[in-house]
Chemist: 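Got a structure for you, questions after.
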Amino acid sequence: MPELPEVETIVRTLAPHVVGRRIVQARVVSPLVAAEQPQALAALLAGRLIRALRRRGKFIVFDLDDGVLCVHLRMTGKLLLDAAPGKFTRAVLELDSATLLFDDVRQFGRMSWSKALPPNVSRLGPEPFDLTPRAFAERLHARRGRLKPLLLNQAFIAGLGNIYVDEALFRAGVHPLAQASRLSRARAGRLHASIVEVLVEAIAAGGSSISDYVDAQGRAGGFQRFHRVYGREGEPCQQCASKVRRIVVAQRGTHLCPRCQRA
DNA sequence: ATCTATTCCTGGCTGC
DNA sequence: TGCAGCCAGGAATAGA
């Protein structure tokens, strides 16, 4: 599941090979991947120069000489450099220097061209690294909901998904169902620090590979080895040896230590 | 604003 | 071995 660290890793591994390059030809293999423009996308991309590549939240943004190409990988999407096309290849971008594949088993991922950044990208909340602890605390205190759904809300903070929310909450010692507005300033600060810390560590490890994720060169990440609660139901907590529990919050599997994380 | 439920999608898993 | 049924979940959407 590509979240911020995985998308960041993809962008970093991809950028040196695509920035300054031209899209010679584009091919949409599976219309679902192109969402609103299954017919038009290929023509819109053909001939475009890739001026820059960046990440915004979980989106990969190609800045073109005309417009932008926004890619969201959702659950199982991959951008692969010079890989062999397979049964899950949904789109192909032939660059003047390389071939870029959009592979996606489950076809949740999307790519779309637009003249300017589309609303679902421009309306994203702040990047975690851009928020000061103080600003983060103020944003939390302005909300009524519980912590986990709020942290998953991309308009509140961009880039976090199920894995890193669970990991950050554990590190901060905060329960996923805690009321956002009632978090003390100290605990809010600790949560912000935990979010930044876990993201930085995950990026350094090349992201987490649970089942599908690989970077643009096809390499798996290593951070899954350092998950403390995610996917560790029934294992002893690394801090207190209580059993890690799995509950459901906002229809999401949620992993926590009931002893270390108090509401 | 906040909540829940539903939809999309399919490989992989469980259980018989 | 085969097969049905369920699960994973990010984001959009509908409805309360």
Side-chain angles (χ1 to χ4, degrees), chain A residues 1-8 10 28-38 55-61 70-79 86-91 102-112 114 117-125 127-128 138-169 176-183 199 202 207-214 220-221 224 227 229-234 244-256 263:
Chain A
M1 294 165 284
E3 302 181 25
L4 188 154
E6 291 75 32
V7 177
E8 180 68 26
I10 290 166
V28 174
V29 180
S30 175
L32 268 177
V33 77
E36 317 96 63
Q37 38 199 186
R55 178 191 60 75
R56 178 73 176 97
K58 301 176 201 170
F59 284 87
I60 298 163
V61 180
C70 293
V71 177
H72 199 303
L73 302 171
R74 294 283 186 99
M75 308 298 297
T76 54
K78 305 173 185 180
L79 284 183
K87 62 188 285 202
F88 305 123
T89 298
R90 310 301 183 186
F102 187 124
D103 277 27
D104 189 4
V105 168
R106 283 162 68 180
Q107 304 198 82
F108 276 12
R110 295 289 183 265
M111 60 198 303
S112 69
S114 48
L117 273 191
N120 57 349
V121 179
S122 61
R123 286 190 202 137
L124 288 171
E127 293 288 324
E138 281 167 7
R139 286 178 76 80
L140 276 187
H141 291 151
R143 294 299 196 116
R144 297 192 161 273
R146 304 186 186 260
L147 269 179
K148 174 151 180 177
L150 196 54
L151 295 176
L152 287 172
N153 181 346
Q154 301 299 300
F156 179 78
I157 187 168
L160 297 178
N162 209 34
I163 295 173
Y164 296 104
V165 166
D166 283 4
E167 291 297 313
L169 287 169
L177 293 175
Q179 292 287 341
S181 60
R182 298 214 193 123
L183 213 62
L199 294 176
S208 302
S209 291
I210 301 295
S211 54
D212 294 88
Y213 166 73
V214 289
Q224 65 283 354
H227 292 175
V229 287
Y230 185 87
R232 300 203 181 278
E233 182 186 13
V244 171
R245 281 191 55 194
R246 184 182 183 278
I247 62 175
V248 175
V249 177
Q251 287 83 238
R252 300 284 145 70
T254 298
H255 312 76
L256 73 153

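Chain naming here is simple, since letters A, B, ... match the order of the sequence lines and numbering starts at 1 in each. These numbers were taken from a predicted model, which means no experiment stands behind them.
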Chemist: According to a cutoff of under 5.5 Å between the ring centres and under 30° between the ring planes, does A:Phe108 stack with the base of C:dA11?
Modeler: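 So A:Phe108 does not count as stacking on the base.
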Chemist: Quick one: pull up CG in A:Leu199 and CG in A:Leu160 and give me the separation to the nearest 0.5 Å.
Modeler: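 The CG atom of A:Leu160 is 5.5 Å from CG of A:Leu199, to the nearest 0.5 Å.
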Chemist: Given the structure, check if the side chain of A:Gln251 and the base of B:dA5 hold any donor-acceptor pair shorter than 3.5 Å.
Modeler: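 Checked by distance alone, the answer is yes.
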Chemist: So among A:Met111, A:Lys78, A:Arg110, which one has a side-chain contact (heavy atoms from CB on, under 4.5 Å) with A:Phe102?
Modeler: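 Of all the options given, the one that passes is A:Met111.
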Chemist: To the nearest angstrom, how far is A:Leu160 atom CG from C:dG10 atom P?
Modeler: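 So the CG-P distance, A:Leu160 to C:dG10, works out to 11 Å.
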Chemist: Decide yes or no on side-chain hydrogen bond (donor to acceptor under 3.5 Å, both in side chains) for A:Tyr213 and A:Glu3, but give the supporting numbers first.
Modeler: CA-CA 10 Å; A:Tyr213 166 73; A:Glu3 302 181 25; over 6 Å; no
Chemist: Tell me what A:Phe156 touches on the nucleic acid: a base, only sugar-phosphate, or nothing, going by heavy atoms under 4.0 Å.
Modeler: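 Result for A:Phe156 = nothing.
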Chemist: Classify the nucleic acid contact of A:Ile210 as base, sugar-phosphate or nothing, counting any heavy atom under 4.0 Å across all strands shown.
Modeler: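 Counting heavy atoms under 4.0 Å across all strands, no contact is made by A:Ile210.
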Chemist: How is A:Tyr230 classified with respect to the nucleic acid when contacts are heavy atoms under 4.0 Å: base, sugar-phosphate, or nothing?
Modeler: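 Since only primed, P, OP1 and OP2 atoms lie under 4.0 Å of A:Tyr230, the category is sugar-phosphate.
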Chemist: For the side chain of A:Arg144, counting heavy atoms from C-beta on, which of B:dT2, C:dG10, B:dG11 is nearest?
Modeler: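 Out of B:dT2, C:dG10, B:dG11, the nucleotide with an atom closest to A:Arg144's side chain is B:dT2.
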Chemist: So, OP1 or OP2 of C:dA11: does either fall under 4.0 Å of a side-chain N or O from A:His72?
Modeler: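 Answer is yes, contact under 4.0 Å.
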Chemist: Round to a whole Å and report the spacing from CG of A:Leu4 to P of C:dA11.
Modeler: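 Interatomic distance, CG of A:Leu4 to P of C:dA11: 11 Å.
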Chemist: Quick check against the 3.5 Å criterion: does A:Arg55 have a side-chain atom that pairs as donor or acceptor with the backbone of A:Gly57?
Modeler: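 Yes; at least one donor-acceptor contact below 3.5 Å.
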Chemist: Does A:Asn120 put a side-chain nitrogen or oxygen below 4.0 Å from OP1 or OP2 of C:dA12?
Modeler: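 Checking A:Asn120 against C:dA12: at least one side-chain N or O falls below 4.0 Å of OP1 or OP2.
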Chemist: Is A:Asp212 touching bases, backbone alone, or none of the nucleic acid, heavy atoms closer than 4.0 Å?
Modeler: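 The residue A:Asp212 makes no contact with any strand.
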Chemist: Indicate, with a heavy-atom threshold strictly under 4.0 Å, whether A:Arg246 touches base, sugar-phosphate, or nothing.
Modeler: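 Sugar-phosphate contact only - A:Arg246 comes under 4.0 Å of backbone atoms but never of a base.
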Chemist: Among the nucleotides B:dG11, B:dT2, C:dA11, which one has an atom lying closest to any side-chain atom of A:Val105?
Modeler: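 Out of B:dG11, B:dT2, C:dA11, the nucleotide with an atom closest to A:Val105's side chain is B:dG11.
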Chemist: Grab the CG-C1' distance between A:Asn162 and C:dA11 for me, whole Å please.
Modeler: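 Interatomic distance, CG of A:Asn162 to C1' of C:dA11: 13 Å.
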Chemist: Please determine whether a side-chain nitrogen or oxygen atom of A:Arg143 lies at a distance below 4.0 Å from atom OP1 or OP2 of B:dA1.
Modeler: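 For B:dA1, neither OP1 nor OP2 has a side-chain N or O of A:Arg143 closer than 4.0 Å.
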Chemist: Any chance you could lay out the side chain to side chain contact (heavy atoms under 4.5 Å, CB included) test for A:Arg232 and A:Arg246, step after step, and finish with the verdict?
Modeler: CA-CA 8 Å; A:Arg232 300 203 181 278; A:Arg246 184 182 183 278; over 6 Å; no
Chemist: Given 3.5 Å as the limit, does a donor-acceptor pair link the side chain of A:Ser209 with the main chain of A:Gly221, or not?
Modeler: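 Between the backbone of A:Gly221 and the side chain of A:Ser209 there is a qualifying donor-acceptor contact (under 3.5 Å).
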Chemist: Grab the CG-P distance between A:Asp103 and B:dT10 for me, whole Å please.
Modeler: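 So the CG-P distance, A:Asp103 to B:dT10, works out to 14 Å.
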Chemist: Over how many whole Å does the gap from A:Asn153 atom CG to C:dA11 atom P extend?
Modeler: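 Atom CG in A:Asn153 sits about 9 Å away from atom P in C:dA11.
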Chemist: Report the distance from atom CE of A:Met75 to atom P of B:dT7, rounded to the nearest whole Å.
Modeler: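 In whole Å, B:dT7 P lies 18 Å from A:Met75 CE.
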Chemist: Tell me: NZ of A:Lys148 to P of B:dC3, nearest whole Å?
Modeler: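 In whole Å, B:dC3 P and A:Lys148 NZ are 14 Å from each other.
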Chemist: Applying a 4.0 Å non-hydrogen cut-off, can you work out what A:Gly161 is touching in the nucleic acid: base, sugar-phosphate, or nothing?
Modeler: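 Answer is nothing: A:Gly161 stays at 4.0 Å or more from every strand.
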Chemist: Looking only at side-chain atoms of A:Arg74, point me to the closest of B:dT2, C:dG10, C:dA12.
Modeler: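 That would be C:dG10.
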Chemist: Here's a test of your reading of the structure: between A:Gln107 and A:Leu150, which maps to the more 5' nucleotide of DNA chain B?
Modeler: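 Of the two residues, A:Leu150 wins.
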Chemist: Could you give the CG-to-C1' distance, from A:Leu73 to B:dC9, as a whole number of Å?
Modeler: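 From A:Leu73 CG to B:dC9 C1': 15 Å.
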Chemist: Side chain of A:Met1: nearest nucleotide among C:dG10, B:dC3, C:dA8?
Modeler: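 Selected nucleotide (nearest to the side chain): C:dG10.
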Chemist: Tell me whether the side-chain N/O atoms of A:Arg252 come closer than 4.0 Å to OP1 or OP2 in C:dA8.
Modeler: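 Result: no.
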